[in-house]
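Note: hydrogens, waters and symmetry copies are ignored here, and every other heavy atom, side chains too, is used. Indexing begins at 1, ligand by ligand and atom by atom, following the structure's order.
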Amino acid sequence: MSKPKIAVGALGGTICMSANGGQGGVKPSFSAEQLVGAVPALREMVQIEAKTLLALPSGSLKVQDLVEVYKWAKEQIAKGAAGVVITQGTDTLEESAFFLNLVWDEHAPLVLTGAMRNADSISSDGAGNIYASVLTAISPQSRDRGVLVVLNDTIHSALWVHKSNTFSLQTFVSINAGIQGLVIENEVKFIAPAVSRKIYPLPSV
Ligand code: ASP
């Protein structure tokens, strides 16, 4: 049986950063191919199309950028991807997810993820988040759930997800609603029905 296809698009953020030599801070260092390459287990499970779409801190993402992400993601579904994963900075991840969820008109899932710790940190979370996001993106149970956010092995609806803490790995929460599901020992388990949503046409301006 052929492996499912998944597309991974990278927009920037901590997940693609590493320490800036001895100069303090972090800088964008990894392409989408390198992010995916850091998770060798994926190669056995899926065929991946990885593309660096942008390399920005998430506060610099504009609505027009997200419109381009939407178009790219739809192209990947048209080319046969079972789902699409987008990596970006966590600061505006909930806003990106909310916007994309208003316009995402595919049965296949669009999954957003990021990282709280860059690749040089002890217990960096980027690779694990990409792995859990790809597992979620290929799960048949993820279909018709709109845009999902996956970090720290928890699956959230874009409608409710919120970054609640600036440093904790367990920062994404779905206040008032609860999580949609979990990734437990390589398995995606949904514990809540799909959140109903209205899909809007893409804004022309
Ligand atoms: N400042 C970063 C950003 O949102 C934080 C992160 O990626 O988690 O781009």
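For ligand 1, the atoms closer than 4.0 angstrom to any heavy atom of T14 are 2 (C), 5 (C), 6 (C), 7 (O), 8 (O). Below 4.0 Å from some heavy atom of G13 lie the following atoms of ligand 1, by number and element: 7 (O), 9 (O). If you number the atoms of ligand 1 from 1 as listed, the ones under 4.0 Å from a heavy atom of A115 come out as 8 (O).
Checking side-chain atoms of D91 against main-chain N and O of S58 turns up no donor-acceptor pair under 3.5 Å. Panel note: side chain R197, backbone N101; a donor-acceptor pair is recorded below 3.5 Å. A donor-acceptor pair under 3.5 Å links the side-chain atoms of Q34 to the main chain of S31, judged by distance alone.
The protein non-hydrogen atom at the shortest distance from atom 8 (O) of ligand 1 is T90 OG1, 2.4 Å. Counting only heavy atoms of the protein, atom 1 (N) of ligand 1 lies nearest to D91 OD2, 2.9 Å. At the shortest separation from atom 9 (O) of ligand 1 among protein heavy atoms lies S58 N, 2.8 Å.
In terms of polar-atom proximity, defined here as any N/O pair under 3.5 Å, P57 makes no such contact with ligand 1. Residue T92 has no N or O atom closer than 3.5 Å to an N or O atom of ligand 1.
Residues meeting the side-chain contact (heavy atoms from CB on, under 4.5 Å) test with D153, sequence neighbours left out: A132, V183.
Remark: E49 does not engage K5 in a salt bridge, criterion side-chain N to carboxylate O under 4.0 Å.
Side-chain contact annotation: H156 with Q180, donor-acceptor N/O pair under 3.5 Å absent.
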